[in-house]
Amino acid sequence: MAGNDRRRGGLRKSNKKGMVVGSGGQRRRGLRGKGPTPRAQDRVSHPAKRRADAKTNAEHQRAKRKAQQETQPELVAGRNPVVECIRADVPATGLYVAQGIDIDDRVTEAVREAKARGISVLDVPRIELDRMTNNAVHQGLALQVPPFEYAHPDDVLTAAQDSGITPLIVALDGVTDPRNLGAVIRSAAAFGAHGVIVPQRRAAGITAVAWRTSAGTAAKLPVAKAVNLTRTLRDLKSAGLMVVGLDADADINSDELELATEPLVVVVGSEGRGLSRLVRETCDQTVSIPMATGVESLNASVAAGVVLAEVARRRRTR
């Protein structure tokens, strides 16, 4: 008689009760690869993932705060800046006057002109004005201005071409100090530029500090934001303008700037690194400022003023 391990009719008997259950292919599937290991920052419970999420959240919060700041009114503090802004028809919405301050001609003019223009004049305690201006040197006066309305680079170009004089535009490559931005705007207006172009990202915008430094000239001169400064400069070149960048390791110095009398864009680099690589490569020429040996490079706004003054001088004497 056959044993328990003998096959009968194609069936195999087993000492185990019931039918024999196979793996159903599970062992075979278990041997398959599961693909590449996810990066640490993509694993839900990994510390690198938590750090990456925290960094992303922080960036979102910074962007949110910046967007809120750009839509909030600004305060220009100080008697001279306030008077300059009112004279320049800066679109102000309120004039704050600290109670008990010494009245001089600037205060009198500011209050008189504000009322004439329909700007609200509000008397506030000095301590409140200190708080509103973050303890800036306000001298008892502060002017509230709405968020700055930037022009488009094409508007600046059109204004330059329609002016009837040789176009002159100033572009800032990553200048992050609003005081430098305000000073450059003031120099650009003083030396006949038709407008200023700033990058949309990683650059200073028109804040109360820039308003104050520009002494109101930001209201007289178009200031445009460029989504991509390099592309904007190329567009200006296509429109017939030459691009000159301020650079310490330049092709020429400002005394040799023959392009000054041509339709021109003067590019000012950032306070630390100067011109970025792509912007420098886009320039038709780079120019430096001759200085005494051993003297460090000039502040961005001072350098811009020197070169713009040279451009204006050459245009007058041509």
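When hydrophobic clusters are built by joining Ile, Leu, Val, Met, Phe, Trp and Tyr residues whose side-chain heavy atoms come closer than 4.5 Å, directly or via intermediates, M132 is not grouped with V97. Linking Ile, Leu, Val, Met, Phe, Trp and Tyr whenever their side-chain heavy atoms come within less than 4.5 Å leaves V111 and Y96 in two separate clusters. Cluster membership for V243 and V279, using ILVMFWY side-chain heavy atoms within less than 4.5 angstrom, is shared. Cluster annotation: L221 and V311 are assigned to the same hydrophobic cluster (Ile/Leu/Val/Met/Phe/Trp/Tyr, side-chain heavy-atom contacts under 4.5 Å, transitive). When hydrophobic clusters are built by joining Ile, Leu, Val, Met, Phe, Trp and Tyr residues whose side-chain heavy atoms come closer than 4.5 Å, directly or via intermediates, L275 is grouped together with V265.
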Walk me through it: do I185 and I206 pass the test side chain to side chain contact (heavy atoms under 4.5 Å, CB included)? CA-CA 10 Å; I185 292 172; I206 304 296; 3.5 Å; yes
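Taking 4.5 Å as the limit, every side-chain heavy atom of V198 sits out of range of all side-chain heavy atoms of V175. Residues Q285 and L257 meet the side-chain proximity criterion, which asks for heavy atoms closer than 4.5 Å. Side-chain contact check for E310 versus I289: every heavy-atom pair is 4.5 Å or farther apart. Side-chain contact between I197 and L172: absent, with no pair of heavy atoms (C-beta onward) separated by less than 4.5 Å. A heavy-atom distance below 4.5 Å is found between the side chains of L241 and L157. By the 4.5 Å heavy-atom criterion applied to side chains, D130 and H138 are counted as neighbours. Counting heavy atoms from C-beta on, the side chains of V184 and L308 never come closer than 4.5 Å. Residues I101 and I103 form a side-chain contact, since some pair of their non-hydrogen atoms from C-beta on lies under 4.5 Å apart.
Atoms CD and CD, from E258 and E256 in turn, are 8.5 Å apart once rounded to the nearest 0.5 Å. The CG atom of D249 sits 8.0 Å away from the CZ atom of R280 when rounded to the nearest 0.5 Å. Residue H152 holds its NE2 atom at 10.0 Å from OG1 of T158, rounded to the nearest 0.5 Å. Atom CG in L168 sits 11.5 Å away from atom OG1 in T261 (nearest 0.5 Å). Interatomic distance, L236 CG to M242 CE, rounded to the nearest 0.5 Å: 12.5 Å. The line from CZ of F191 to CZ of R313 is 12.0 Å long, rounded to the nearest 0.5 Å.
Within 6.0 Å of the CD atom in E281, the count of heavy atoms belonging to other residues, nucleotides or ligands exceeds 12. More than 12 non-hydrogen atoms from other residues, nucleotides or ligands lie less than 6.0 angstrom from CG of D255. Within 6.0 Å of atom CD1 in I165, more than 12 heavy atoms from other residues, nucleotides or ligands are found, so the atom counts as buried in its surroundings.
Here the side chain of R106 pairs no donor or acceptor atom with the backbone of V82 at under 3.5 angstrom. Within the 3.5 Å criterion, the main-chain N or O of N228 finds no donor-acceptor partner in the side chain of R201. Between the side chain of K237 and the main chain of D284, no donor-acceptor pair closer than 3.5 Å is present. Under a 3.5 Å cut-off, the side chain of R315 and the backbone N or O of T166 do form a donor-acceptor pair. Although no hydrogens or angles enter the test, the distance criterion places no donor-acceptor pair under 3.5 Å between the side chain of Y150 and the main chain of G205. No side-chain donor-acceptor contact under 3.5 Å links R79 to the backbone of G140.
Shortest non-hydrogen contact noted between A226 and T232 is CB-OG1, 3.3 Å. In terms of heavy-atom proximity, T133 sits nearest to A142 at CG2-CB, 4.1 Å. Contact detail for L181 and A204: the closest heavy-atom pair is CD2-O, 3.6 Å. Considering every non-hydrogen atom in both T217 and A189, the closest pair reads CB-CB, 4.2 Å. Residues V124 and L129 come closest through the heavy atom pair CG2-CB, 4.1 Å. Smallest separation of non-hydrogen atoms from G174 and P199: N-CG, 3.9 Å.
We find that E109 and R112 are not joined by a salt bridge, their nearest charged nitrogen and carboxylate oxygen being 4.0 Å or further apart.
Just one of L233, V244, I169 meets the side chain to side chain contact (heavy atoms under 4.5 Å, CB included) condition when paired with V267; it is L233.
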